[in-house]
2 protein chains.
Amino acid sequence: MTRSTLDRRTAQKAERRSAIVDAARELIDERGGPVFGVDELAERADVSRRTVFNHFPSLDDLFLTVCEDALAVVVDDFLARIARTPLREGSRSAMFDEIATAMHDADLPAAIATILRILGGSSPAKDHKSPLSDAAFSRVTDRLLAEVLRRHPAADPLEAELLVESLMSGVVVIARHWVELTGGRLDADARATWQDLLTRLLGSVRNGYLPAT
Amino acid sequence: MTRSTLDRRTAQKAERRSAIVDAARELIDERGGPVFGVDELAERADVSRRTVFNHFPSLDDLFLTVCEDALAVVVDDFLARIARTPLREGSRSAMFDEIATAMHDADLPAAIATILRILGGSSPAKDHKSPLSDAAFSRVTDRLLAEVLRRHPAADPLEAELLVESLMSGVVVIARHWVELTGGRLDADARATWQDLLTRLLGSVRNGYLPAT
DNA sequence: TGCATCCAGTGCAAGATTGCACCTAGTGTA
DNA sequence: TACACTAGGTGCAATCTTGCACTGGATGCA
């Protein structure tokens, strides 16, 4: 019965790691961008400067983790919406419809804006912007695909993967367009722009995925 | 400026230590005595069983620390009362009076009852009862003496030490008598008994310490 | 008496954090 | 150009925690 904490060592290591990630997110939020040094971060996380590099090979890796965590919050909501959606197993378009509905309802622009702020916003245009956001979004894709396959065990895995993959890559594309058009603002106008882009994306994917009715 | 935390290593070690002490006190309070194993304690403190023995050579040492901590709470109050007492530097009996007043007001029976519970109360009479309580009270003596010397820098150190030492050893004596008489109860009757014993002690010490007026 | 069981306490090696010295690239400045 | 200064990142030894195997004494029981 001593196994209530599965390996204290692992647990405490995870604690330190998330302390670092939390501290980084705090600082980023406070300053509108990743404008702080390792020493500052280490002190905020109540951790040695060396320990930061023990957990993350570089600050960019840390920022990637922060990105993923920020996205994860929205994706949790996203997947929860799908989970609450009634299951229509017989329907051919069930998978598409439930994802599309969740995408319309979820607050994706907020997540994208957060990522932009993490990566430096519209200001000093760090060159690693693309790889970082790509990596973050790819984890989202994995989670979404897993959830879809869980809900539709009878579905063709290849078909599901193609659907999710094309939807998510489409989201990345329209996200970049959206940032280009709005600068990452979150006002009503920008949100309307997002809905426009999203509708066009969903329409396009639906056309490719489902036979025209 | 990185020295805001004076040596993180030391700080975290102290954290672990007090986590163990706190867990021990919790368990003692819950069960009315030190009736638990090391594994239970370690799990409660979220610490490895081995770490307990890294900080405390034996469980008795741990219990002593818990004793001291419990007493320290009351002694803090005790010293605070003295500190709030107006200083009468010229008076010969100032030192005695301020201690005597604080002793009358402080809730010493509660502290003694706590220690008794820690040591097993009136039940299975562990043999190490005396050394433990002696050690705990001796730390109280040190703190009290230091405070007295701080307040009366002009006083004769030997005189002050004799006063404090005889008062505290007297407290230990009447505490044992009090336990004998009342069994460590905390009702009005037992408290009256305590006040009786204390008055007799203070009178006796005053007679020896101050010339009869 | 012999045996099993429990529990405080120890020895030890592996993992993790820490502090410190050090390296290196980029940047400002005379 | 030369110099200094900052800040990310690494090597390394010391320290601490942890898990595990183990000892030894106390207790219970046949």
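Here is how names work: the chains are called A, B, and so on, in the same order as the sequence lines, proteins then strands, and each is numbered from 1.
Scanning all heavy atoms of the two residues, the minimum distance from B:Leu41 to B:Ile20 falls at CD1-O, 3.9 Å. A:Pro34 and A:Ile28 make their closest contact through CA-CG1, 4.1 Å (heavy atoms, listed as atom of the first residue, atom of the second, distance).
Between the side chain of A:Ser166 and the main chain of A:Leu162, a donor-acceptor pair closer than 3.5 Å is present.
The distance between atom NZ of B:Lys13 and atom C1' of C:dA16, rounded to the nearest whole Å, is 15 Å. Look at CZ on B:Phe53: it is 15 Å from C1' on D:dG19, rounded to the nearest Å. Here C:dT18 presents its P atom at 13 Å from CD of A:Glu43, a figure rounded to the nearest Å. Atom P of nucleotide C:dA16 and atom CZ of B:Arg16 are separated by 14 Å, given to the nearest angstrom. If you take CG of A:Asp61 and P of D:dG9, they are 9 Å apart, rounded to a whole angstrom. Going from atom CD of B:Glu15 over to atom C1' of C:dA16 covers 16 Å, rounded to whole Å. In this structure, B:Leu62 places its CG atom 12 Å from P of C:dA8, rounding to the nearest Å. Taking atom CG of A:Asn54 as the reference point, atom C1' of D:dC12 lies 12 Å away to the nearest angstrom.
Contact annotation: the side chain of B:Val171 approaches that of B:Met103 to within less than 4.5 Å [non-hydrogen atoms, C-beta and beyond].
Across all strands shown, A:Arg49 has heavy atoms under 4.0 Å from base atoms, whether or not it also approaches the sugar-phosphate. The residue A:Phe36 sits close only to the backbone: its heavy atoms come under 4.0 Å of sugar-phosphate atoms, none of a base.
In this structure, the nucleotide among C:dA8, C:dT18, C:dC12 sitting nearest to the side chain of B:Val38 is C:dA8. With D:dT17, D:dT10, C:dT18 as the candidates, the nucleotide lying closest to the side chain of A:Thr51 is C:dT18. Comparing D:dT17, D:dG8, C:dT17 by their nearest atom to the side chain of A:Leu59 picks out D:dG8.
Judged purely by distance below 3.5 Å, without hydrogens or angles, the side chains of B:Ser58 and B:Asp61 pair a donor atom with an acceptor atom. Side-chain polar atoms of A:His152 and A:Glu159 form no donor-acceptor pair below 3.5 angstrom.
Not one side-chain nitrogen or oxygen of B:Ser48 sits closer than 4.0 Å to the OP1 or OP2 atom of D:dT17. Side-chain nitrogen and oxygen atoms of A:His55 include at least one within less than 4.0 Å of the OP1 or OP2 phosphate oxygen of C:dT17. Contact annotation: A:Gln12 does not reach the phosphate of D:dT17 (side-chain N/O to OP1 or OP2, under 4.0 Å).
Using a 4.0 Å cut-off between a side-chain N of Lys or Arg and a carboxylate O of Asp or Glu, A:Arg81 and A:Asp77 qualify as a salt bridge. Salt bridge present: A:Asp76 and A:Arg143 bring a charged side-chain N and a carboxylate O closer than 4.0 Å.
Judged by atom type and distance alone, B:Arg50 reaches the base of C:dG11 through a side-chain donor-acceptor pair under 3.5 Å. If you check distances only, the side chain of B:Arg9 does reach the base of D:dT15 with a donor-acceptor pair under 3.5 Å.
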Between the protein and nucleotides 23-28 of chain D, list the N/O to N/O atom pairs that are separated by less than 3.5 angstrom.
none

